[in-house]
Amino acid sequence: MPQEYRLILKHADQPGYTPDLACYLRHGGYESLKKALATPGRDLPDGKKQTPREVVRDDVLKSGLRGRGGAGFSAGLKWSFVDRRGGKPIYLVCNADESEPGTFKDRQILHKDPHQLVEGMIISCWANDVKLAYIYIRGEMPHGARLLNKALEEARAAGFLGKNVLGSGHDIEIHVHRGAGAYICGEETGLIESLEGKRPYPRIKPPYFPAVLGLYMSPTIVNNVETLCHVVHVVRLGGAEYAKLGTPNNTGTRIVSLSGDVTKPGYFEVEVGKVTLGELINDPAFGGGLKTGRSLKAIIPGGSSSKVLKAGEKFKLRRKGADGQMTQVEVDLLDLPYDFDSLQQAGTMSGSGAIIVMDDTRDMVDTLANLSEFYAHESCGQCTPCREGALWMSKALHRLTTGGGRSADADYLRDIAQNIQGRTICAFGEAAAWPVLSFVKKFRDEFTARGQADEAARAKGLAKPGTHH
Amino acid sequence: MSNAAPNAPAPTAPPPVETLRIKVDGRDIDVPKTMPDWQGRPQPTTMLQACHLAGHEVPHYCYHPKLPVAGNCRMCLVEFGTPAMDMATRKPILNEDGSVKIARSVLPYEPQTPRGAIACATPISPGMEIYPSSPATKQMRESVLESLLINHPLDCPICDQAGECKLQESSVQHGQGASRFVEAKVHKPKAVDLGPRIVLDDERCVLCTRCVRFTKDIVGDDALGIVNRGSYNTISAFPGKAFDNNYTLNTVDLCPVGALTSKDFRFKMRVWFLKETRGICTSCATGCNITIGSREETVHRYEPRENDAVNGTWMCDSGRLNYRWIGRADRLRDVTAGGAKTTWKAAIDAIAGKLASAPAGSVAIVASARQTTEELYLVKKLATRLGAPTDSVPREGEADKLLVSADRNPNSNGARLTGISYTEAGIQLPRIADGIRNGTIRSLVVFGEDVTQHGIGADLLAKLELLVASDILPNATTAAAHHVLPGCAAAEKRGTFVNAKGRVQRFLKAVEPKGDARPEAEFLLELLAGVGAGQFPATAEGLFNRMAGEIPAFAGVEWARLGDAGANVAV
Ligand SMILES: Cc1cc2nc3c(=O)[nH]c(=O)nc-3n(C[C@H](O)[C@H](O)[C@H](O)COP(=O)(O)O)c2cc1C
Ligand code: SF4
Ligand code: SF4
Ligand code: SF4
Ligand code: FES
């Protein structure tokens, strides 16, 4: 029986659990911080010495922890890229902008257990020699911002934060910065620009890799809320022990946001790769299945930016056997393990961990038009392919959903999207193009049928006026 | 190189330049590891710079060599490859023929599709291959251009930029014939009054942010920005605030399309009718290099001309707009004597006769630091022959941080080097005034200045036996003069100025002088001959070379070697 595995959300939904310091402490809060600060240095077999900080960073690397914000990049590796020699201050930024449609997991932490994030950040600051850190929180979450500020005050008063953290001699400060309602502020370099008080135009890479030229042109680590909370547990369990959670290369737990046409939408924390897409949708412990009489049509598996998967699709996954040999196995959509690598091999991604389920009542043209409108509205407009292409696709889809369709619109849409992906400053280009590319490819008949119907209506003089131009 | 100071000792051995070998369109080329960035600091050479060295111009809109790189237009996307590495051994993988295998860059999630890099911001690496002409590169370029055009109004027939528009150029070179865009275009503000000198058409704007970066990073006036989002992005000044610094018109030059237009030039002239002449701005001692646009003997605009030793690619608005007086209706056109029109011959004969017979010490000359160095040299010859004290008139203002010099004369150093004025220009003027007052000075020759504004009032001028005024526009001095000799604007003659930093720069003739007016050097030669001061070369070149042979500071400098960029002299 697949089940939730609550690590991050272990206490959050328990009756009587409150977001204040006293409650957090009663549940073992800030013990990981104390453990981290007490970490001894160690001698490596090759004769090199590791400082206590290096030991903790090494542990995070060994834990296999991968970013929970979208890209699933190794947290330990990201920390290892930080320019520690340049002499500039190192900053840590917590990405709490959670805006990917379908995603509602960071806010569970922010609203119910803010101290867990604060502890994760303090440990991460200490481990990375960071003295100043920021939490960039989505503008539409004012309550979360209030709770965070209160948690920071409590932590400061208790000596976990501020000057000389727990008598260790280290000064660490954390500030909350509220966004103003733009999805692009979740992209790490757009976020950094916004934090600097500018328009959130993502930066070009090269040269502006955050690890070298981030906030105030200084080395900067940007991690997601959930990622930083995991650091608490990596320290508590030890990297090797943590890595036993989940599956190899897809370690730990993650919070899945399940929405759409399931009877029991909600968030569920699971061990990564131990639960399949089908279980998440159908098992009573999770989504509880589709509504009666409905059948599955499609799944958006990792937030609205991920490529859609079609009911009945089969995928070839590479698997490492017990003998270490790579083999290929064919897997049905519903049997896809919900982890980073499997979804990537299925041609999509687990992204922000948000699953959107669509049943047979959903019109894919209308659905895509809705998604595209979001991307057209949220494109920052800095670079040409995304700025012009995102609105172009949205306009075409609007036309197609209001009687102005053409049978060639499927190819038209595909061509526009092809000219965006891989050519933009930031990954928003992919985020805008992928839904279009995947919907049009996998549900081509629906797009063509719409266009043909409109053409036929126009030929008979039945076209609704004013639908386009 | 014309940029090098000719009288500096020749460097013994040029410092070795570290190079990288790469391939551009299949051809090997060694390019320097670093090249100057927008501030002239050495930075890793970019693909765009490397392609340029290989003779291939990568099309670009947002990139400008003198602005921080933005990387937003994506027009410069190029396909490329790098040596394939064996991850295990960290050694390059070889082809069967032993050559290094090149891994073409592809989309990580779609390995059959090439992934371009923006040439303007991507550094080269050893063994890199750049394919600026490959089908994939062309496809990327075409698609970017298509995106730029879908919401563009395509009103070229009434656009001021037509003929100079990079969008037009690219469409011809890289565009597709027909548009497949069938949606409604985005509409944005037209004819926005951005500031006192600039009008903006937001629909034509391609959002390259050159204007934004220029005013923020070069001028230091964070005056422009973008409002709205996505395709609705719109360039704007702060609400209620005018875009008004002394450099705003540079954004018109920088704008790759016709979005930013100069109120001064807007709709006046189709650019392809303009004749272009290399000139020097005369409005301050910086001596910004300019291109004079003229048609049928009328100057229509000044534009900055690149010279990294002087003005980069910029000029100030006040200097740029200071050309209209050249065409003023009240320009002095006639040679006059006692208020009556006469001929050059009669005038020069009369003046030469009076000056030649004037007792030594009774003549004084006030020249102008707006005259050419060659003219000042000749004036000095005249002064020496006559034993006349000389000076020029200082003109001071406030300097700014970018270009404008506190010295508002274009050739104060020319006046100093030729011996017309001392380190402190104008110091002799009170003495000349005293001389007139006490009757020792009885003849005064004035070039291009209204001395009544500089301590030699009309009452003193009235005491003179001979007042000769050579000028361009009428003033109180020309009104009081016995002889008026109409002269030329810099745009009407050839010559040199020496700027505040000692850069000798030549300028060429754009338009014909008005009426009977002549370049001052021409009639100075006649005057010198008339007073028996000798013969001098009749051309600007000849005069310059003669002067350079005489004045130590100019030693080794020749007209021909000045080129378009000028040469440094010690000042
Ligand atoms: C358009 C766009 C929006 C994003 N929004 C978010 C977001 O809301 N929250 C987040 O944590 N990461 C977001 N990301 C990912 C961040 O850029 C970054 O990769 C992440 O914060 C890194 O944290 P992690 O390594 O802990 O996952 C977004 C990325 C893109 C391209
Ligand atoms: S890809 Fe889109 S969101 Fe990202 S920088 Fe370009 S225009 Fe902005
Ligand atoms: S107005 Fe011109 S220079 Fe400024 S962003 Fe638009 S196109 Fe570029
Ligand atoms: S800075 Fe001086 S020389 Fe340059 S354009 Fe302005 S006035 Fe002319
Ligand atoms: S020139 Fe605009 S992105 Fe390179």
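In what follows, every chain begins at residue 1, and chains take the letters A, B, ... in the order their sequences are listed.
- Considering only residues two or more places apart in sequence or on other chains, B/Ser134 meets the side chain to side chain contact (heavy atoms under 4.5 Å, CB included) condition with B/Glu79, B/Tyr131, B/Ala136, B/Thr137.
- Per-residue heavy-atom pair counts under 4.5 Å with chain B were compared for A/Met349, A/Arg423, A/Arg203, and the maximum is reached by A/Arg423.
- Both the backbone and the side chain of B/Arg229 come within less than 4.5 Å of a heavy atom in chain A.
- Judged by distance alone, the side chain of A/Glu313 and the main-chain N or O of A/Lys310 form a donor-acceptor pair under 3.5 Å.
- Highest contact tally toward chain A, considering only B/Glu146, B/Lys185, B/Glu142, is held by B/Glu146 [criterion: heavy-atom pairs under 4.5 Å].
- Closest non-hydrogen pair, B/Asn228 versus B/Thr234, comes out as ND2-OG1, 3.8 Å.
- With a 4.5 Å cut-off on non-hydrogen atoms, B/Tyr61 does not touch chain A at all.
- The interface of residues 376-391 of chain A with chain B, defined by heavy-atom distances below 4.5 Å, comprises A/His377, A/Glu378, A/Ser379, A/Cys380, A/Gly381, A/Gln382, A/Cys383, A/Thr384, A/Pro385, A/Arg387, A/Glu388, A/Leu391.
- In this structure, no portion of B/Val106 lies under 4.5 Å from any heavy atom of chain A.
- Looking at A/Gln421, the atoms closer than 4.5 Å to chain B (heavy atoms on both sides) sit in the backbone and in the side chain alike.
- Considering all non-hydrogen atoms of both residues, A/Ile425 and A/Lys205 come closest at O-NZ, 4.4 Å.
- A/Leu371 pairs in a side chain to side chain contact (heavy atoms under 4.5 Å, CB included) with only one of the listed residues (A/Asp366, A/Val436, A/Val308, A/Ile300), which is A/Ile300.
- For B/Leu53 against B/Met35, the heavy-atom pair with the smallest separation is CD1-SD, 3.8 Å.
- Here the closest heavy-atom approach between residue A/Phe447 and residue A/Phe439 is recorded as CE1-O, 3.7 Å.
- Only the side chain of A/Tyr201 comes within contact range of chain B, with at least one heavy atom under 4.5 Å from a heavy atom of that chain.
- Each of B/Ser143, B/Gly230, B/Pro44, B/Ala121 has some count of heavy-atom pairs under 4.5 Å with chain A, and the biggest count is that of B/Gly230.
- Using modelled atom types, one finds a donor on one side chain and an acceptor on the other under 3.5 Å when comparing B/His52 with B/Glu57.
- Nearest heavy atom pair, residue B/Asp201 against residue B/Gly258, reads CB-O, 4.4 Å.
- In this model, no donor atom of one side chain and acceptor atom of the other lie less than 3.5 Å apart for A/Asn419 and B/Ser147.
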Does the salt bridge (charged side-chain N to carboxylate O under 4.0 Å, His left out) test come out yes or no for B/Arg213 and B/Asp217, once each step is laid out? CA-CA 5 Å; B/Arg213 285 174 279 149; B/Asp217 296 306; over 6 Å; no
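- Heavy-atom distances place the backbone of B/Ala70, and not its side chain, under 4.5 Å from chain A.
- Both the backbone and the side chain of B/Leu148 come within contact range of chain A, each with at least one heavy atom under 4.5 Å from a heavy atom of that chain.
- The CD1 atom of A/Ile416 sits 8.5 Å away from atom CG of A/Asp409, with the distance rounded to the nearest 0.5 Å.
- Contact annotation for B/Ile118: only side-chain heavy atoms (C-beta onward) come within less than 4.5 Å of a heavy atom of chain A.
- Only the backbone of B/Val206 comes within contact range of chain A, with at least one heavy atom under 4.5 Å from a heavy atom of that chain.
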